[in-house]
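What follows is a single structure, written as structure tokens, with notes after it.
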Amino acid sequence: MLYSKKVMDHFTNPRNVGTIEDADGIGEVGNAKCGDIMKIYLKIEDNIITDAKFNTFGCGSAIASSSMATELIKGKPIPEALQLTNKAVAEALDGLPAHKIHCSVLAEEAIKEAIKDYYNKNNITYNHTIFPDGTSCGHCL
């Protein structure tokens with residue numbers, strides 16, 4: 001089987017789909033040319049991510065990665081959410097095919113973009129080197 005049971009579960013029954021109208025941070029990454037666009041919405045209170053939702057246009061792996069990533073960061077302090085890697089997302093899904101790893105990269109980058117947006121909206125100083133530049137989707141290069 002190409003996809004794990006967890007990937008199929010998060011694809012067919014994605015968690016946290018939707019938008020947060022008054023989101024504290026929004027991160028959008030991807031590229032319409034390659035077909036994967038991911039948007040993550042965060043609600044943050046006292047430095048804790050109290051809610052996370054997503055809208056993803058893309059393949060099943062992109063949807064599953066978005067679903068798993070939002071599950072992994074809900075309830076976590078921002079510094080802990082910033083530590084989430086694409087490898088951790090892929091591992092939580094019991095693996096992704098090599099040609100679909102970019103989907104977990106998108107999830108990591110979308111979360112970081114949403115946190116960066118939160119920092120910018122609230123004039124919070126941060127280390128710019130820990131955030132992606134948002135110019136590529138990881139496999140369109």
Side-chain angles (χ1 to χ4, degrees), residues 1-122 124-141:
M1 176 181 254
L2 189 59
Y3 296 104
S4 72
K5 287 181 182 178
K6 279 191 184 176
V7 170
M8 293 305 295
D9 181 41
H10 278 267
F11 168 60
T12 57
N13 302 294
R15 285 66 153 177
N16 309 308
V17 174
T19 60
I20 299 174
E21 290 302 320
D22 58 344
D24 296 307
I26 300 171
E28 184 172 358
V29 297
N31 185 318
K33 288 181 183 175
C34 70
D36 292 320
I37 300 173
M38 195 175 288
K39 195 167 188 176
I40 303 262
Y41 303 82
L42 300 178
K43 195 73 183 153
I44 299 169
E45 292 175 28
D46 298 323
N47 214 33
I48 304 289
I49 297 171
T50 58
D51 198 10
K53 296 210 179 292
F54 76 91
N55 282 316
T56 294
F57 176 82
C59 67
S61 293
I63 293 166
S65 292
S66 303
S67 175
M68 181 57 81
T70 55
E71 285 287 279
L72 291 170
I73 64 167
K74 281 172 69 173
K76 301 280 195 279
I78 290 174
E80 195 173 324
L82 283 171
Q83 298 300 313
L84 182 70
T85 63
N86 71 292
K87 184 178 178 190
V89 173
E91 285 176 359
L93 289 167
D94 291 337
L96 288 169
H99 67 286
K100 293 294 183 179
I101 292 296
H102 70 273
C103 296
S104 61
V105 172
L106 281 177
E108 174 188 342
E109 290 182 352
I111 288 167
K112 287 182 177 175
E113 285 293 325
I115 292 170
K116 184 168 90 171
D117 181 51
Y118 168 73
Y119 284 165
N120 288 334
K121 286 178 179 173
N122 292 280
I124 298 170
T125 304
Y126 58 89
N127 177 351
H128 292 264
T129 63
I130 63 171
F131 294 96
D133 65 11
T135 59
S136 78
C137 71
H139 77 290
C140 295
L141 303 175

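Computed over heavy atoms, backbone and side chain alike; hydrogens, waters and symmetry mates excluded.
- Put simply, the side chain of Asn47 reaches to within 4.5 Å of the side chain of Pro79, judged on heavy atoms.
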| field | Evaluation steps, salt bridge (Lys or Arg N to Asp or Glu O under 4.0 Å), between Glu109 and Lys112 | value | CA-CA 5 Å; Glu109 290 182 352; Lys112 287 182 177 175; over 6 Å; no
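- Between Gln83 and Lys76, the closest side-chain pair of non-hydrogen atoms is not below 4.5 Å.
- In terms of heavy atoms, Gly95 sits closest to Val7 at O-CG2, 3.6 Å.
- Atom CG in Asn55 sits 11.0 Å away from atom CE in Met38 (nearest 0.5 Å).
- Donor-acceptor pairing under 3.5 Å is lacking for the side chains of Asp94 and Ser4.
- The number of heavy atoms from other shown groups lying within 6.0 Å of NZ (Lys121) is above 12.
- Contact detail for Ala81 and Ile115: the closest heavy-atom pair is CB-CD1, 4.1 Å.
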For residues 56-65, which side-chain donor-acceptor pairs fall under 3.5 Å, sequence neighbours excluded?
| from | atom 1 | to | atom 2 | distance (Å) |
| --- | --- | --- | --- | --- |
| Thr56 | OG1 | Ser66 | OG | 2.6 |
| Ser65 | OG | Ser61 | O | 2.8 |

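- By the side chain to side chain contact (heavy atoms under 4.5 Å, CB included) test, Asp51 is found to be paired with Ile20, Lys43, Lys53, Lys74, residues two or more places apart in sequence or in another chain being considered.
- Here the straight-line distance linking atom CZ of Phe54 with atom CD of Glu71 works out to 9.5 Å at 0.5 Å rounding.
- Of the inter-residue distances, the one linking Ile44 atom CD1 with Thr50 atom OG1 reads 8.0 Å to the nearest 0.5 angstrom.
- A donor-acceptor pair under 3.5 Å is formed between the side chain of Asn127 and the backbone N or O of Thr129.
- What you find for Ala92 and Leu72 is that their closest heavy atoms are CB-CD1, 4.0 Å.
- Rounded to the nearest 0.5 angstrom, Glu108 CD and Leu106 CG are separated by 10.0 Å.
- Legend: residues meeting ring-ring contact (aromatic ring centres under 6.0 Å, His included) with Tyr126, ordered by chain and number and at least two apart, are Tyr119, His128, Phe131.
- Of all heavy-atom pairs spanning Thr12 and Pro14, the tightest one is C-CD, 3.4 Å.
- Note: Ile111 CD1 to Thr70 OG1 = 7.5 Å, rounded to the nearest 0.5 Å.
- Counting heavy atoms from C-beta outward, Asp9 and Arg15 have side chains that approach closer than 4.5 Å.
- Across Leu84, Asn86, Leu93, a single residue satisfies side chain to side chain contact (heavy atoms under 4.5 Å, CB included) together with Ser104, and that is Asn86.
- Residues Ala52 and Asn16 share a closest heavy-atom pair of O-CB, 3.2 Å.
- The distance from atom CG of Leu82 to atom NZ of Lys116, rounded to the nearest 0.5 Å, is 12.0 Å.
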